[in-house]
Amino acid sequence: MYSAFSIANAFIERALARRIPDLSSMKLQKLMYFAQAHHLKRWGCPLFEDTFTRGRFGPTLPSILHQVKAYGTRPIAQTIRALSGDNDRDNWCTPTLPSKHVDAHHFIDQITSRYGGCSAQALSDLTHLPGSAWSHGGADGSPISNAMIRNDPTLPDEFNV
């Protein structure tokens, strides 16, 4: 399992390489959601550690939102940096997927191929379908459990790329 920051940075890196057009904060949130959902459906375990909440525009990771909200609807221009270590010194790092984790990179590429060309609004609309994990609470800020995401009937069990 990876950190949410490392998965977010994997998507941001692909956007900076022009493989994902217009990667806004909202679009990143939805790509993260679909990555987590498909990983849960395919392998029964989460891809990253974090909990989605029900936001106005669909599933949201507050930790990621805090890092990229300054971009608003503009494309994200750089990877996320985070403090690391357990001492009082400022020790900044850029969490990434190790290049030797080929399967994880391949999986992110599959999500990118399937969803990366969609607009942020189109991805948000997909998360709002009746019966979706998000729809069981609306935009009330409540958490969405991994079990609810895994059992979301609006997502295909598998997808072809």
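Just so you know, these numbers come straight off a predicted model, no measurement behind them.
- For an aromatic pair to be called close, the ring centres must be under 6.0 Å apart, and Phe48 with His39 fails this.
- Aromatic ring pairs are classed by plane angle as parallel below 30°, tilted from 30° to 60° and perpendicular above 60°; the pair His128 and Trp134 is tilted.
- In this structure, the side chains of Tyr115 and Tyr33 stay at 4.5 Å or more apart for every pair of heavy atoms.
- A donor-acceptor contact shorter than 3.5 Å is absent between the side chain of Asn9 and the backbone of Thr79.
- Listed for the Lys30 side chain is no donor-acceptor partner under 3.5 Å among the backbone atoms of Asp125.
- One N or O on the side chain of Ser132 and one on the backbone of Thr127 form a donor-acceptor pair closer than 3.5 Å.
- For the atom pair NE2 of His66 and CG of Leu61, the computed distance is 14.0 Å after rounding to the nearest 0.5 Å.
- Counting only heavy atoms from C-beta outward, the side chains of Pro62 and Thr53 approach each other to under 4.5 Å.
- Evaluation of the salt bridge (Lys or Arg N to Asp or Glu O under 4.0 Å) test over residues 47-58, restricted to residues two or more places apart or in two chains, returns none.
- There is no side-chain donor-acceptor pair under 3.5 Å between Gln36 and Arg150.
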Requested in this report: Go through the steps to decide whether Gln29 and Phe57 satisfy the test side-chain contact (heavy atoms from CB on, under 4.5 Å), and finish with yes or no.
Outcome: CA-CA 9 Å; Gln29 292 283 342; Phe57 298 106; over 6 Å; no

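- For Arg18 (side chain) and Arg14 (main-chain N/O), no donor-acceptor pair under 3.5 Å exists by modelled atom type.
- In the hydrophobic clustering of this structure, Trp43 groups with Met148; members are Ile, Leu, Val, Met, Phe, Trp, Tyr whose side-chain heavy atoms approach within less than 4.5 Å, directly or through other members.
- The backbone N or O of Ile108 lies less than 3.5 Å from a partner atom in the side chain of Thr112, making a donor-acceptor pair.
- Checking side-chain atoms of His136 against main-chain N and O of Ile144 turns up no donor-acceptor pair under 3.5 Å.
- Counting heavy atoms from C-beta on, the side chains of Ser135 and Pro130 never come closer than 4.5 Å.
- The CZ atom of Phe11 sits 7.0 Å away from the CE atom of Met32 when rounded to the nearest 0.5 Å.
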Requested in this report: Begin from the C-alpha positions of Leu155 and Leu126 and carry the test side-chain contact (heavy atoms from CB on, under 4.5 Å) through to its verdict.
Outcome: CA-CA 9 Å; Leu155 294 171; Leu126 287 174; over 6 Å; no

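- Side-chain N or O atoms of Asp152 include one that pairs as donor or acceptor with a backbone N or O of Ala133 at under 3.5 Å.
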Output side-chain donor-acceptor pairs under 3.5 Å for residues 19-26, partner residues at least two apart or in another chain, one line each.
from, atom 1, to, atom 2, distance (Å)
Arg19, NH2, Asp109, OD1, 2.8
Ser24, OG, Lys27, N, 3.2

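- Hydrophobic clustering, with ILVMFWY side chains joined whenever heavy atoms are under 4.5 angstrom apart, groups Tyr71 together with Leu123.
- Thr96 has its side chain out of reach of Ser6: every pair of non-hydrogen atoms, C-beta onward, lies at least 4.5 Å apart.
- The backbone N or O of Leu97 lies less than 3.5 Å from no partner atom in the side chain of Ser99, so there is not a single donor-acceptor pair.
- Side-chain contact between Arg81 and Phe5 is absent, with no heavy atoms from C-beta onward closer than 4.5 Å.
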